[in-house]
Structure formats: structure tokens, C-alpha cells
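Keep in mind that the numbers below use all heavy atoms, side chains included, and drop hydrogens, waters and symmetry copies. Just so we're on the same page: letters track the sequence lines, and every chain starts at 1.
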Amino acid sequence: MRDAEAGLKSLIPEAEVFEHNPKRLHISIPRERLTEAAKYLHRERGMRLATCTGIDTRAGLEVLYHFSEDKTGTMYTLRVLAPKDDPRLESQASWFPATDWIEREMHELLGIDFPGHPNLVPLLTSDTDWDREKYPLRRDYERRNEAHER
Amino acid sequence: MKDPRIWGLKKSPWVYHLAAASCNNCDIEVLELLTPRYDVERFGIVLVGSPRHADALLVTGVINRKSLPRVLEVYEQTPKPCLVIGVGTCTCNNHIFLNSYNAVGPYDKYLPVNAYVPGCPPKPEAMILGVVKALSKL
Amino acid sequence: MSDRHVVPIGPYHPLQEEPEFFKLIVEGETVVDLEINLGYNHRGHEFISPELTYDQIPFLVERICGICSNSHPLACVLALEDICGVKPAPRGAYVRTIIHELERIHSHLLWVGLAGHFIGYNTVWMWAWRYREHILEVFEMITGNRNHYAANKVGGARRDILPEQIPQILAALGVAEKKTLLLTKAVLDDPVIRARLERVGVLTREQAVAYSVVGPTARASGVDIDVRRDDPHDAYADLKWNVPVLPEGDVFAKAKVRLLETLESISIIRQCLGRMPEGPIQVRVEEIPAGEGIGRTEAPRGEVFHYLRSDGSNRPLRHKIRAPSYMNIASNVVAVRGGSIADAALTLAAVDPCYCCTERLAAFEDGKLKLTGRDLLRLSWAKTERLRERMP
Amino acid sequence: MTTLAGWQLVLAFLIFPGVVFTSFVGLTLTWVDRFVSARVQWRKGPPFYQPFADMLKLLLKQTVVPAGASKVTFLGAPMIGFAAMCVTAVLLFYVNFFPHGSFVGDLIVLVYLFALPPLSTILGASASRNPLSAVGASREMTLYLGYELPFLLALVVPIIHTHGAIRLGDLVLAQRTAGPFLYSWSGLIAAVIVLVCIQAKLGYPPFDIAEAEQEIMSGVLIEYSGAPLALFRLTKAMMFFLMPCFLVTVFWGGLTSFWAIPELLAVVVLVILIKNTNPRFKIDHALRFFWFILGALGIIAVILAFGGL
């Protein structure tokens, strides 16, 4: 039972920890406790945010915050679920600049809203011809196979 | 001497390097053409800083939505007759990014491309051959 | 001579360069703010990879960046091995490590050349790139291509390094070491370069941690992280090398860290060549079970992060890719603020983004285009010239 | 006193010292410059006909005039510089071969003629309605103001040597009798100043501030293409030949002396070497360099000249 893991469990009792292997831990926490957990891992434990992954699953929009504890080389992944009908997550960009770009990317490619983000403008997609309602990384995005068209 | 215009273009092709959504490998290889080992200046090929002075556009990368309007603008600014030489497989057929939502197709959908230099990245010798072949086709 | 009228579009003239990747907001000589305009290279890798099978994905991710085209496939393959819990074949692990370190050498030599170009030493550029050709020749011999080596496979390496190739590798390493030592001496002892790079584009340790920067950018700001040592994969567990970390955080520290790292890489490769185990270079992996996997490796610019989620079929459900420059470039906003325009081009190049990104650069003063990318370069050279005047 | 008849003048203007001869020699010297520069970087360098091929190609390419740019000045600007260079060529050679035929004050006329090409560049750049070339034009003006002062100061020295002769013919004659001015202290300093001013007038490094990076004619003349661009480059090539001729005429004993050709080549090689060994100056730094360092040198040279050295 690593102390970071113990500290997190004491902070958020309802967190379930799944140990994929000694260096990869996945911790599922409710959506509301995200900021608390992230602040604990970054500020108290001094972990570095590798990146965040947004996945469109049947259960809803799942977002993984990958924190890396560089001293021991272990990866702590916070797993948060936002329901499809209300894709909203608290933005960490105000206190943690590293999440600024990745939240903007998830916003434009997956349609997750991040209230509290300083400037939630598109990061990667074109400024001229891009349909803001369509999210490419969602499962329902229609895939055109150019190979057959030609 | 056939048409002197063509002779002039053949003997001093000024090249402008246009990169739209490329992985920069072809761009580095294009730059390597200037280094002592390949030195394209012996053919009169000079890398110029503005499309206005260019005779040949060395294009790389698969155009993505954001860089398409800029690519067309640069092509329009280049005085004709000008060559378009695609460097790398991305410019031939969109390569591995064929089904990407952001790649809007190889150059020949928008510009008349005179020569393709396949290869990922093509060797500098292949690029020189590409430019020479494009010129000889004139 | 037919005259044709062309209507220029937009406030700035798009003719000279494409819209700026970095837009410096300046007041007089000092840079006040930086607007970063991404998206010109976005090709949607994460969208394409679920359509490909696990064998095809390394070829896709290789084309993310031309200069570190071995780090992405390696991280992706490590993620797959993380899902299946498989260890690569010992000899394959050593081959992968050798190619990974060789790429670091050629990437750092490339950056040293570009940095020289940015401060006006074009001979350093021609010189560094000339000796880089030796490494590219070695790559061509081992893997068949100058870049995009396709060297990694789930469970090991795709091609073996034959015993008769080793003498040429050692010869190329010898040249690389001699020249890197020369470059290190030339860069570290040249008073003008020191005056030009020291205290320029400083990224403090707190800022480095806040922006979670990785690689040489972090190590030059006193953050001691290196994925090869913290989360060792392949042959790194049983190799010995030291990780250069400097506290200053300025461009000079970043140059020094990169040069010292190149020398470390050369010694790593020599250690690997010395103790290459015999045996097959890959382990047969039948199928990828359902699950999640994280693959990380230390690319020349920092930690490359790949996350894969599989559902038991031969295609991934989700593939997250994060290149090191994604975090480093974001830190430029803080690094360039307050500096002079002449140093701007250099500071932005210090995080070593690929060549294309540093090309598109311009300075604006209250909305009006003031200096183009070329002007900023020339300002940078002129400053070098001025410093050389003042040198004794 | 031989004066050229009408048709001889036209012939002189078009063929011998004028357009054809000067541009031919100018382009060949440009090739020498590119070849030596390439060799300095271990490169093979372009073939000998490269500048001619560039000229031919540019002349026949399409000219694009940006909308909104004042068409007349945009296309007219390069012609001013070109015409000035042709007249200079005729005047310079005429004076050297018939020193008695030169008129009073032709030295001043030459100085003005040499000032026209930079002015035509500035005119062209500001006419092309592009923020980048406007920035380039303002820098070219600053640079011009910079080197004009020491340039004039340096020309005062030979005048003092010949006790107030404004006529170029007298200068040539004086040098034929009393030996070139270069061998006197003041003459040497003045020659060095003129050499540096030539470097700046040609826009070669370390003074190519108005042009972008390595490319020739890109910052200031970013909008130009086709024939106008060819005219600008041809003017520059002719200047690359005529400026050393001017230096040799005024300081090194005229063009007719036996040593004229080697002297010319020496000056050209010097210009190329300076070009290849110096990174660029920043505009205000260059201005300070011209006014204070070269200006001071000029005053010293004038004082020495008065002292008869």
C-alpha cells in the first residue's frame, strides 16, 4: 500500500484502486472530487501530469488524468466519468497551467465542456472550415473511407 | 536553343519551400540539400525567401484544413510559369493519413503538380533527381 | 510580360510566411506576451489508429515527428507490451535501445546546428549537420532508411544488428564523439555564445513544474526526471549512465544538457554493443487481451506518452499520443516574456520543436506586423555581432 | 579636345562602356562572388553562366504587380537605377580615356549618380504597398544616410591633394604624374572608407540589413518578380563592377594604367572576403559605426591631407 495511494484513499474514501501492475495504478473517483484529488497528487505528492485521455464509452465520456510519480516511476491514473447528456468537468487550468492545452483539445475533439477554463478556444482544428458540432473522437463520428471513394 | 524562356528556367530554378502539415522529415531533407554534401547550388538551385522570387515550389506534407487556404494563396502569389514539385509520399497520395478528418487531400487536388518524389523521407539524391526530371519535362 | 493584379488578403501580408505559429506581442524592444497558434501540423493520428491493426500502428505513429521517429513507435510498443504483460526478447531489447540512443545523437546534433544558425554561426550549422550524416549512414545500414526506421515490434525488434555492422557503428560513434566534444568545447568556451545564451529565456524550476515540462527543457531547470532511469524499459535497467541536470534554466543550460546527453548516449551504445546477448530478437505475441496499457520513453525532447485501450480484437479502442513538445512549447509563454526581441527566436528554438515550427515566427506591435521571422533572425545575429565587439 | 559625335555617343552609351559591356562584366563578377563564397563553405558553387541564366529567366517571367501598388512607380523604380548606372559607366570610362574632355564638377555628378540605385530601391519598396518591404525601405534609407557622410569626407581628400580640382580629369592626370593618391597616408585611409561604403552601397553583408537573410533582394524587393526584379539585380551587378572602377580611378591611378586590371580584381576580392567573414550589423549599430568610426577616420584623413601627407 503506497503512501500516495493511502493518502488518496483517506482523502476520498469512495475511490476504488485497481493495480494493473506494480507501476500502473488506476484510481476511479467521482466527478466532483476531481479537483481535490488532482491538487493532492500534484501539490502534496509533487507528481507531474503526463496528459489527459478522453474516451467515448457506452457508460459516458471517461477522462483519465495520468499523473507520474517520477521518483518511483509509477503512473497514477485518475479515472472520472461524465455522463453523455451532461459532458462537463471542472477545469484545472486555472491552478495548473499544464492542463490548459489538453482541456482545450478535449473540448474541441470530444465535446467535453470545462467551465472555469481561462480561454476555451479551439486549439488544433481549422479556424475557417470546421463544424463545431461534430466531434471526431466520438464513436458516432462518421468515418469516410477515402480509399473506396476514389 | 528551343524557347529561351525554358532554357532560363532550366538553368536557374529558384526554389521556395512550402510545408503544410508535414512531419518535418522531408523539410529537414530539403535543408540537407544545401549542406556541403549535396550542394544544389551547382545546378543553380537557390532557396529563396519569398514565393514572388520562386520558380519552383517544393511542397511537403499532406495539406490539413487549416493550412489549405494559405497554400492556395502562396501558389497564387508565385509568378507563372512555375513548377510544383511534391516531396515525400504525403504529397503523392496522402500516405497513411488518407482517412484522417483533417487531411484534405494531396496537392494535385488543388495545384497542378509537375513531379512527385515518393519516399518517406525521399533521399536527398532522389529529390535532386525529382527537380531535374521536372525541369527536363518542361 | 503580362501584368496581373493580385489582391493582398489580410492585415499582414500572407505572402512572406504562413500565419504565425508564434505571435510575439512586443512593446518597443521587449516581448510582452506570446500567442501560440497551433494546428498547422494536426493530422488526427488518434482518429486513424483505431482503424489500423496493432501491427500497422507503429508505422502510423512513426510519422508523427520526422526527427524523433523512433520514440513514438517504441512508446506504442511498450504500451502494447504493458497490456499483455510480456517482456521483449533480451537481444531485441538491446537492439531497440541502441537505435533509440542513436536517434538521440542525430537529433541533438541537428538542434546544435539550428541553434548555431539562430545566433549567426552558420558554419556551426553546416558543421553539425555534416557530421550528423555519419549517424544517418549508420541508420541506413542497420534499418534501411535515414529516418522512419520501423525498428520496433511488439515483443522485440524488427531487424537485427549483425556482428559485421558493429565496426562501422563504432567508427561512426568515434567520429560523433570527437566532433561533439569539439562542439561542446566550442559552444561552452566561446565567450560570445556564452554571453549570448546565458540568462536568456529563463524557465524557473517552479514554472517547469507548473507547466509539467519534460526532457532537456526540464533537466535544464533543475527538474531531475528521465524516463529511462525512473521507469526503465528494454535494456536501460542494467546500464549505467548519469543524467545531466542544471539549475539555471536558461538557453545555455539547455544547450549544455543536450551536448552532455549526446556524450552519455554514445557511452550507452558502447555498453550495449559490448554486452549484446545472443538469441532471437523477438518474442512471439499471439494476441492482445482486453485491457489498458501505458508506454513511456525518453525521446530526444522529453517523455513521449502513449496510452492504449484494447477490447480483445486486433484493433485498439482508443490510442492517446502526447508528444514531448506539447508540454514544452506551452512553457514558451513564460520563458519568452520580458526578454528582448533579438533573443525571441532563440528562446523559442531552445525547447527544440521541429524545424518547421520555429520557421513561422513574427513580432507584432499594437496589431501591426513589425518584424518577420527573417527580421528576428537577423536581429539575433546582429546581437551576436555586438557582443563579439565588446569581447576583449 | 575630342568630343564624341552623335552616333559615337549612342554607340558608347549602348555598347562599349555602357549597357552591354558593363552588365557583362558585372554579371561575370557576380559569378566570381558566388563561386568564391561557395568555395569558402566547401561547396562546388554554380557554373559560370549562372548569373546570365538568372537574368534571362527573370526577364522572361511573368511580372506580378500587387493591387493597390502605384503601377507607374512600381515598374519605373528599377529603370532609374539602371539608367544611372549606364550613364556612370559612360562618364567614368570617358574620363579615363580622354582626361581633358571631362567637365568641371563631374566628380560631384558621379557621386549623385551612385546615389540613384539605393534611392530607386527605396522608391520601389515603398511603392509595393507591403509592410515588409516598407520596413526594408526605411532601413535602406537609414543605411544610406549612414554611409553618405564618410563617403563624401573620403572624396574630399584627393581634391585637397590636387589643390581644389573638382574635375575627375585633373585627378587622373595628377595621379599619372605624381603617382596614385593611395600611396599617401590620407589617401590610404580615404580609400579604406570608400571600400567600406561600397560594401554598404551594394548591400552586401555585413550591411545587408534591408534584405532578408541569405536570399538576395528579398526583404526590400519582396514584391518584385520578372523583369523589374531582373533590372534591380542587373543594376546591382553593374554597381559591383563600377564601384571598384570608381575607387581605382580616384585613388589608384586611373583605369588606363598598366596595373588597372589587377587593381580592380584586388578590390573585388576584398569586397567578397569582407562579405563572407562577417555576420550582419543591426541597423542602429551600423549607423553608429558609419557616423562615428568612419566619420572620425574621414576627418583624420582630411587633416592629414591638409598637412600634405
C/Phe305 and A/His66 aromatic ring geometry - parallel, tilted or perpendicular at 30°/60° bounds = tilted
Region of A/Glu108 that comes under 4.5 Å of a non-hydrogen atom in chain C = neither
ask   = Is there a donor-acceptor contact under 3.5 Å from the side chain of A/His26 to the main chain of C/Glu292?
value = no
ask   = Does the side-chain contact (heavy atoms from CB on, under 4.5 Å) test come out yes or no for C/Asp230 and A/Lys71, once each step is laid out?
value = CA-CA 6 Å; C/Asp230 305 341; A/Lys71 283 186 295 305; over 6 Å; no
inquiry  = Please classify the contact between C/Asp82 and chain A as side chain, backbone, both or neither, with a heavy-atom cut-off of under 4.5 Å.
reply    = both
ask   = Where on A/Asp70 is there a heavy atom nearer than 4.5 Å to chain C: the side chain, the backbone, both, or neither?
value = both
ask   = For A/Arg132, does the CZ atom have more than 12 heavy-atom neighbours from other residues, nucleotides or ligands under 6.0 Å away?
value = yes
ask   = Are A/Leu109 and C/Phe47 close enough, and set up right, to give a side-chain contact (heavy atoms from CB on, under 4.5 Å), and what steps lead you there?
value = CA-CA 10 Å; A/Leu109 294 184; C/Phe47 174 80; over 6 Å; no
query = Within a strict 4.5 Å, meaning less than it, do heavy atoms of the A/Arg24 and C/Asp231 side chains meet?
reply = yes
query = Which residues pass the side-chain contact (heavy atoms from CB on, under 4.5 Å) test with C/Ser313, sequence neighbours left out?
reply = C/Asp311, C/Arg315
message = For C/Arg322 versus A/Ala50, what's the shortest heavy-atom pair and its separation?
response = NE-O, 3.0 Å
message = Assess whether a salt bridge exists between C/Lys320 and A/Glu105, defined as any Lys/Arg side-chain N lying under 4.0 Å from an Asp/Glu carboxylate O.
response = yes
key: Residues C/Ile294, A/Thr77; criterion side-chain contact (heavy atoms from CB on, under 4.5 Å); working and verdict   = CA-CA 10 Å; C/Ile294 291 175; A/Thr77 308; 3.8 Å; yes
Segment of C/Arg309 engaging chain A (4.5 angstrom heavy-atom cut-off) = side chain
key: Gap between atom CG of A/Asp100 and atom CE of C/Met327 - 0.5 Å precision   = 10.5 Å
message = With a strict 4.5 Å heavy-atom criterion, list every residue of residues 205-217 of chain C that contacts chain A, or say none.
response = C/Val209, C/Ala210, C/Tyr211, C/Ser212, C/Val213, C/Val214
inquiry  = Heavy-atom cut-off 4.5 Å, strictly under: side chain, backbone, both or neither for C/Glu46 against chain A?
reply    = both
request  = Please tell me if the side chains of C/Tyr326 and A/Ile102 come closer than 4.5 Å, counting only heavy atoms from C-beta onward.
outcome  = yes
query = Between C/Arg318 and A/Thr57, does any side-chain donor sit less than 3.5 Å from a side-chain acceptor?
reply = no
key: C/Lys87, NZ atom: more than 12 neighbouring heavy atoms under 6.0 Å   = no
